[in-house]
Amino acid sequence: MLVISVKSGQLGNRLLLFAYFIAFACENNFTVLNPAFEEYADFFKSTYQNFLCRYPSSPFSIAGNKLLRKYYYKTNRYLATSGRFNTIEIKRNQPFNWSNSSITKELKPETINFFQGWVFRDGWFVNDMSNLQKHGEKIRAYLLSTFKKLSVKCSKTHIQYS
């Protein structure tokens with residue numbers, strides 16, 4: 001299990017980060033939990049009824065709310081820094097690429113792997129387009145189905161800045 005345990009930027013950066021993790025999970029048969037997506041989960045059909053912001057979605061769903069998701073994120077941060085689980089710190093030495101990174105050797109498939117580090121504060125950090133393209137249909141199906149309230153909000157923002 002892979003857990004995105006640190007918030008990175010705002011919606012665009014978090015979607016991009018989630019997409020790269022989903023692509024890696026598809027390629028390597030992992031599950032992704034994204035508690036760092038808590039502020040935006042209500043806007044997406046795939047995460048609205050998916051309290052854990054889990055990919056792939058669970059056959060049963062538990063709806064979340066803002067307060068519950070906030071505590072979920074705080075609990076995640078505590079667990080990531082507790083030393084009880086495998087926490088992987090990604091450094092900003094070079095663009096991160098799953099396929100040629102020693103990070104994959106640090107993964108423990110039988111446990112929870114928390115990810116954090118400078119890479120998550122930057123946004124444009126990943127250089128792994130092949131998996132993103134290969135699993136693009138699954139990623140788009142999961143992440144790009146929004147509710148009307150987000151579409152309207154985005155439209156108003158676009159008009160405001162146009």
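The chain is numbered in sequence order, starting from 1.
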Asker: Are H135 and I22 side-chain neighbours, meaning at least one heavy-atom pair lies under 4.5 Å?
Answerer: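 They are not in side-chain contact.
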Asker: Check whether any side-chain heavy atom of N76 sits under 4.5 Å from a side-chain heavy atom of Y71, and report yes or no.
Answerer: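 A side-chain contact under 4.5 Å is absent here.
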Asker: Would you call D42 and R69 a side-chain contact if the rule is heavy atoms closer than 4.5 Å?
Answerer: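 A side-chain contact exists here, since the closest heavy-atom pair is under 4.5 Å.
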Asker: Please name all residues satisfying side-chain hydrogen bond (donor to acceptor under 3.5 Å, both in side chains) with Y40, sequence neighbours left out, ordered by chain then number.
Answerer: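 Partners of Y40 under the side-chain hydrogen bond (donor to acceptor under 3.5 Å, both in side chains) test: none.
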Asker: What are the two closest heavy atoms between S5 and R77, and how far apart are they?
Answerer: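 Taking S5 first and R77 second, the nearest heavy atoms are O-CD, 2.8 Å.
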Asker: Does Q10, at its CD atom, have more than 12 non-hydrogen atoms belonging to other residues, nucleotides or ligands within less than 6.0 Å?
Answerer: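 No - once you tally the heavy atoms of other residues, nucleotides and ligands closer than 6.0 Å, there are 12 at most.
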Asker: Aromatic contact between F115 and F21, with the criterion being ring centroids under 6.0 Å apart: yes or no?
Answerer: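 Yes.
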Asker: When you group the ILVMFWY residues by side-chain heavy-atom contacts below 4.5 Å and let the links chain together, are Y20 and L11 in the same group?
Answerer: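 The answer is yes; both residues are in one hydrophobic cluster.
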Asker: Assess whether atom CG of N29 is packed by more than 12 heavy atoms of other residues, nucleotides or ligands within 6.0 Å.
Answerer: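 No, CG of N29 has 12 or fewer neighbouring heavy atoms, counting only those of other groups under 6.0 Å.
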Asker: To the closest 0.5 Å, what do you measure between CG (L144) and CG (L15)?
Answerer: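 Spacing of CG (L144) from CG (L15) equals 7.0 Å.
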Asker: Can you give me the closest heavy-atom contact between S46 and S57, atom names plus distance?
Answerer: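 Between these two residues, the closest heavy atoms are O-OG, 4.1 Å.
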Asker: Would you mind reporting whether Y142 and P56 have side-chain heavy atoms less than 4.5 Å apart?
Answerer: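 No; the side chains remain at least 4.5 Å from each other.
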Asker: Which residues pass the side-chain contact (heavy atoms from CB on, under 4.5 Å) test with K108, not counting sequence neighbours?
Answerer: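 Applying side-chain contact (heavy atoms from CB on, under 4.5 Å) to K108 gives N86, E110, T111, N113.
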Asker: Side-chain contact, heavy-atom cut-off 4.5 Å: N50 with Y55?
Answerer: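 In short, these two side chains do not touch, never coming nearer than 4.5 Å.
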Asker: What distance do L17 atom CG and S8 atom OG have between them, rounded to the nearest 0.5 Å?
Answerer: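 Those atoms lie 4.5 Å apart.
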Asker: Tell me every residue that passes salt bridge (Lys or Arg N to Asp or Glu O under 4.0 Å) with R14, counting only those two or more places apart in sequence or in another chain.
Answerer: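 In terms of salt bridge (Lys or Arg N to Asp or Glu O under 4.0 Å), with neighbours along the sequence ignored, R14 is linked to E39.
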Asker: Run the ring-ring contact (aromatic ring centres under 6.0 Å, His included) test against F37 and tell me which residues pass, sequence neighbours left out.
Answerer: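 Partners of F37 by the ring-ring contact (aromatic ring centres under 6.0 Å, His included) criterion, ordered by chain and then number, come out as F18, F44.
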Asker: Within the 4.5 Å heavy-atom criterion, are T31 and L2 side-chain neighbours or not?
Answerer: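 Answer no - side chains too far apart.
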Asker: Thinking salt bridges, do K70 and E38 make one under a 4.0 Å N-O criterion?
Answerer: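 Here K70 does not pair with E38 in a salt bridge, since their nearest N and O are not under 4.0 Å apart.
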Asker: Quick one: side-chain contact (heavy atoms from CB on, under 4.5 Å) partners of S130, sequence neighbours excluded?
Answerer: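 Applying side-chain contact (heavy atoms from CB on, under 4.5 Å) to S130 gives D128.
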Asker: Nearest 0.5 Å please: distance from the NZ atom of K105 over to the CD1 atom of I88.
Answerer: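 So the gap between those two atoms works out to 12.5 Å.
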Asker: Is there a chain of hydrophobic side chains (I, L, V, M, F, W, Y, each step under 4.5 Å between heavy atoms) that links Y73 to F43?
Answerer: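 In one cluster: no.
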Asker: Contact between L107 and F30 at the side-chain level, heavy atoms closer than 4.5 Å - yes or no?
Answerer: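 L107 vs F30: side chains touch.
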Asker: Could you list who else is in Y72's hydrophobic cluster, with ILVMFWY side chains joined at under 4.5 Å, directly or through other members?
Answerer: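 M1, V3, L33, F51, L52, F60, I62, L68, Y78, L79, F85, I112, F114, all in the cluster of Y72.
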